[in-house]
J.: 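My structure is below; once you've seen it, I'll send some questions.
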Amino acid sequence: MLDLVPCTACRYCVEQNHCPKNILIPDMFAALNKFEAFHDWITRAHYSRVLTADGHSPASACLKCGKCEKVCPQHLEIRKLLEKVADTLS
């Protein structure tokens, strides 16, 4: 059974400066889901070359401030999930 992140990509967590480190949270979760489903190396390359480029921080840069979790309509444990992204895709 796949352990996928049930993120709907509403982007509330990244809009209006909810993430002070400018982490592309929904995109990171989508990459993690893709890696969990297909285990392809291309997802790791996409993470390191695209999702952390142009002023966007890697998942490991999360400050654990919780601003993202306060606005998440899915009530995801985003801080914990970003740790999983960093461990899996870095």
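We number each residue from 1, following the sequence as shown.
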J.: Could you work out, with ring-ring contact (aromatic ring centres under 6.0 Å, His included) as the rule, every residue matching Tyr12, not counting sequence neighbours?
T.: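 Result, ring-ring contact (aromatic ring centres under 6.0 Å, His included) vs Tyr12: none returned.
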
J.: Taking side chain to side chain donor-acceptor pair (under 3.5 Å) as the cut-off, I'd like each qualifying pair that reaches into residues 43-52, sequence neighbours left out, listed once.
T.: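 Output for this query lists Asp40-Thr43.
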
J.: Please list all pairs meeting salt bridge (Lys or Arg N to Asp or Glu O under 4.0 Å) that have one or both residues in residues 5-14, counting only residues at least two apart or in different chains.
T.: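 Checked against salt bridge (Lys or Arg N to Asp or Glu O under 4.0 Å) - neighbours excluded - the pairs reaching residues 5-14 are Arg11-Asp27.
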
J.: Output every pair passing side chain to side chain donor-acceptor pair (under 3.5 Å) with a member in residues 14-24, not counting sequence neighbours, ordered by first then second residue.
T.: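 Residue pairs with at least one partner in residues 14-24: Asn22-His56.
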
J.: Could you check if a side-chain atom of Cys13 sits within less than 4.5 angstrom of a side-chain atom of Cys19, using non-hydrogen atoms only?
T.: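 The answer is no, as the side chains (C-beta and beyond) never meet within the 4.5 Å cut-off.
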
J.: Which heavy atom of Leu51 sits nearest a heavy atom of Met28, and at what distance?
T.: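 Minimum heavy-atom separation between Leu51 and Met28: O-CE, 3.9 Å.
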
J.: Are Ile78 and Val71 connected, step by step, through hydrophobic side chains (Ile, Leu, Val, Met, Phe, Trp, Tyr) whose heavy atoms are closer than 4.5 Å?
T.: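 Looking at the clustering, Val71 is in a separate group from Ile78.
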
J.: Say you draw a straight line from CD1 of Ile25 to SG of Cys62; how long is it, rounded to the nearest 0.5 Å?
T.: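 The CD1 atom of Ile25 sits 7.0 Å away from the SG atom of Cys62.
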
J.: Would you indicate whether the side-chain heavy atoms of Pro58 and Ile23 approach each other to under 4.5 Å?
T.: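 Ile23 does not reach Pro58 side chain to side chain.
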
J.: Could you list all the side chain to side chain donor-acceptor pair (under 3.5 Å) pairs where at least one residue sits in residues 73-87, not counting sequence neighbours?
T.: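 Sorted pair list: Asp3-Lys84, Lys64-Glu83, Glu69-Arg79.
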
J.: For Pro26 and Ala9, which heavy atoms make the closest approach, and how far apart are they?
T.: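 It is CB-CA, 3.9 Å.
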
J.: How close do Ala31 and Leu89 get, heavy atom to heavy atom, and via which atoms?
T.: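 For Ala31 and Leu89, the tightest heavy-atom pair comes out as CB-CD1, 3.9 Å.
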
J.: Only counting residues at least two apart or in another chain, list the ones meeting side-chain contact (heavy atoms from CB on, under 4.5 Å) with Val5.
T.: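 Scan of Val5 (side-chain contact (heavy atoms from CB on, under 4.5 Å), adjacent residues dropped) gives Cys7, Phe29, Leu32, Asn33, Leu76, Leu81.
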
